**Student:** 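Questions regarding the structure given below will be posed in turn.
All residue numbers refer to positions in the sequence shown, counting from 1. This is a predicted model, so every value here is computed, not measured. Values below: every heavy atom of this structure, side chains too, minus hydrogens, waters and symmetry copies.
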Amino acid sequence: MSDPDPWPAPPESILALNRTGSFDWDLVSGEMYMDPAAHDVFDVTPDEYDGRPETLGPRVPPHEGHRLDALVSEALKNGSRTYGAYFRVRRRDGQLRWTHTQGYIHRDENGRPHRIFGIVRDATQELLETRIRMEHDAETRRQTSIVEGTTAALAHARTVQDVIDVLDETQGLAHLGAASLVMGLIEAGRIHLVAEGPAGAFVPGTRFTRIDEPYPMGEVIRTLAPRFIESREEFASSYPLLWPHISNLNITSAAYLPLIAQARPIGALGLLYSDKTGFTPDERNLLVALGSSIAQSLQRAMFYEQEKDLAAGLQQAMLPRSIPAVDGAEIAVRYRSAKLGRDIGGDWYDVIPLPGGKVGAVIGDVQGHDTHAAAVMGQLRIVLRAYAAEGHTPATVMARASVFLHELDTDRFATCLYVQADLSTGVVQLVRAGHLDPLLRAKDGTCRRAPVAGGLPLGLSAEFHRLEYPVTTLELDPGQTLLLCTDGLVEQPGHDLDDGFQSLTAQVASGPADLDALADRLVADADRRGGDDDAALLLLRRRASDAPKSGGRLQQHVAPNDPAALSEARHMVRAAVRAWGARDRADEIELVADELVTNALMHTEGAAIITLRVLSGADRRLRVEVEDTSSALPRRREAGEEGVSGRGLLLVDRLADFWGVESRGSGKAVWCEFVVPDRD
């Protein structure tokens, strides 16, 4: 009895069992032999095949045949020993199936090909498995790419809302196949739902839930492990309180991930799917990695927002709570937080009422965008305000502020622009420490840049012993507006500073006449441009209607031990009161002026400066002001006290309508005012 399965099996049996046939092609005669297994591959019967390759033409689609012929011809020409190719064969039922052939080219002693030995086999299953593997690999790469892209986007998220926006973005997690998502953060021992979607998916009563409640987000926070729900039945049985509210969303599976940062949970993320059951190991690993990236981004965002709130509160405490009303002026101020960076910085503004009806305006910027910059700004603002209120000249105010900042033991410097305006005369003195020039808008709306001579930024000028700050003087006519700002209002992404100045000048010129409306428009324009710097703005307009107007101004320097200068001062007073229509009070004014000058010369070692001017407001007044270099304040004495010194101020008090003493930094000024009738 013969063995039905002989050992070893004949080659033709092995090839047939693997659906592989063989052929022998005589290139000289053109005849090609095929065994029965090869007939099966081409789906032809032995009586249908006559040994000629062209007989197989109906079984090979034309474009496949042309491609195969070109491949074999090239191999014959270029001296190749073998070739191989995949092509499709059309079965007699019309279906196409993949086939693979491989041939060995036999050549004579001259290298001319004359015979090909080869095999042909069914490759349908092979390519199907390859395609499935390739599709799986492509899907894995796609999901990995989405996770990597989402992680990269999360790296730029600065706030919790930024993180939520990244997750909600249509090109983001939706490509992972998730139909909706939910995210909750731990707040005061509860889970606060901060994101849910799509619209209509919110479950009432779940905005705030306890961590110990039987919900999936609470479970993953308690266990610190992800929860993968692989079917509707598993979801319904595991979470009976939640499932009735979401069953209408056609959820088939879900993945809930704990958001863990620095070994502690800060929240949970849920991804819900409507066309998926089960999760492969690769998918689980990808989602866990995604949860880790989201957690890190959320923690950075929460730290950022905490620091921003602290810095914002500090800065608001350091900025003036309100701007004082100033006679003869309209003032508008604005502060704009940056959209990038830490949204806080050292920009500040201030308005300082000064003696003699003057006003000081300050705009400045401390280097940096953090709480330290805000703290330094607050100290510098207070110090600069104090120096200005003491009556120092603008240059002295700036120099002393620079010394203060240098001695503050900080590595920060500050730019600053200080303006001292006499609204009665319109004379404005400006000192600039590395800051931007102001803009000047005329009453008719035209606007120009007002160049101001400058010195080094505050702190640096003291460090390099260059405390000289030149003073620039200009006149502010009634109705004119002075604009002071920090560089956040001027800078434009992708443009240089000059372009920004030109754009700002055009905006001011075309802006509304109302000061508050103009300020709002300028800040709104800065918001639209974006940028990574905050901005401060101060607008100062001299009123055209009720600003104190000077009917004249005279000044005389009186040196000590100079009788001629004293006599000239008396003549100046006498001529002024008559020329300005104050003849009825001439004696009183001359007497008081003489007393003030004499006291200044007697009780100080320096000279005296007497200034007379006419102020017109609610009442027309003549003002006499005597300035000296002594910081000692005079003291009025009543009758009956010993001695006669100091009785002059009693006389001033009796004769003048108003009087007072102002500190002027290195000295003081005693002033008095007399109400005089309007001139006809």
**Student:** Apply side-chain contact (heavy atoms from CB on, under 4.5 Å) to the pair Leu522 and Leu483, showing each step before the final yes or no.
**Tutor:** CA-CA 11 Å; Leu522 296 178; Leu483 180 148; 3.7 Å; yes
**Student:** Is there a side-chain contact between Arg441 and Gln480 (heavy atoms, below 4.5 Å)?
**Tutor:** no
**Student:** Measuring only between side-chain heavy atoms, which start at C-beta, is Gln420 closer than 4.5 Å to Pro394?
**Tutor:** yes
**Student:** Checking Asp527 side chain against Ala524 main chain: does a donor-acceptor pair fall under 3.5 Å?
**Tutor:** no
**Student:** Between Ala536 and Asp347, which heavy-atom pair has the shortest distance, and what is it?
**Tutor:** N-OD2, 3.7 Å
**Student:** Output the distance between atom CE (Met398) and atom CZ (Arg432), rounded to the nearest 0.5 Å.
**Tutor:** 9.5 Å
**Student:** Does Glu673 have any salt bridge (Lys or Arg N to Asp or Glu O under 4.0 Å) partners at least two apart in sequence or in another chain, and if so, which?
**Tutor:** Arg621, Arg623
**Student:** Locate the shortest heavy-atom distance separating Leu537 from Cys485; write the atom from each residue and the value.
**Tutor:** CD1-CB, 4.3 Å
**Student:** List for me each residue that meets salt bridge (Lys or Arg N to Asp or Glu O under 4.0 Å) alongside Asp516, sequence neighbours excluded, and say none if there are none.
**Tutor:** Arg334
**Student:** Once rounded to the nearest 0.5 Å, what's the spacing between atom CG of Leu423 and atom CG of Leu476?
**Tutor:** 7.5 Å
**Student:** Asp628: what forms a salt bridge (Lys or Arg N to Asp or Glu O under 4.0 Å) with it, not counting sequence neighbours?
**Tutor:** Lys668
**Student:** Could you state the interatomic distance from CG (Asp487) to CZ (Phe501), rounded to the nearest 0.5 Å?
**Tutor:** 9.5 Å
**Student:** Quick check against the 3.5 Å criterion: does Arg385 have a side-chain atom that pairs as donor or acceptor with the backbone of Leu380?
**Tutor:** no
**Student:** Side chains of Trp348 and Val366, heavy atoms from C-beta outward: is any pair under 4.5 Å?
**Tutor:** yes
**Student:** Tell me yes or no: between the side chains of Ser503 and Gln507, is some donor less than 3.5 Å from an acceptor?
**Tutor:** yes
**Student:** Does a side-chain heavy-atom distance below 4.5 Å link Val428 with Thr473?
**Tutor:** no
**Student:** Which distance, rounded to the nearest 0.5 Å, do you find between the CD1 of Ile186 and the CD1 of Ile211?
**Tutor:** 4.5 Å
**Student:** When the ring planes of His392 and Tyr387 are compared, do they come out parallel, tilted or perpendicular, using 30° and 60° as the limits?
**Tutor:** perpendicular
**Student:** Inspect the surroundings of CZ in Arg222 and state if more than 12 heavy atoms from other residues, nucleotides or ligands are less than 6.0 Å away.
**Tutor:** yes
**Student:** Between Leu482 and Pro438, what is the shortest heavy-atom contact and its length?
**Tutor:** CD1-CB, 4.2 Å
**Student:** Are Leu384 and Val362 packed together at the side-chain level, in the sense that at least one heavy-atom pair is separated by less than 4.5 angstrom?
**Tutor:** yes
**Student:** Does some side-chain heavy atom of Leu298 sit less than 4.5 Å from a side-chain heavy atom of Ile266?
**Tutor:** yes
**Student:** Side-chain donor-acceptor contacts of residues 450-465 below 3.5 Å, not counting sequence neighbours, with atom names and distances?
**Tutor:**
residue : atom : partner : partner atom : Å
Ser461  : OG   : Ser402  : OG           : 2.5
Ser461  : OG   : Tyr469  : OH           : 2.6

**Student:** Holding to side-chain contact (heavy atoms from CB on, under 4.5 Å), I want the full list of residues that pass it with Thr410, two or more places apart in sequence or in another chain.
**Tutor:** His372, Val376, Leu405, Leu408, Arg412
**Student:** For Arg449, check salt bridge (Lys or Arg N to Asp or Glu O under 4.0 Å) against everything at least two apart and list the hits.
**Tutor:** Asp437, Asp498
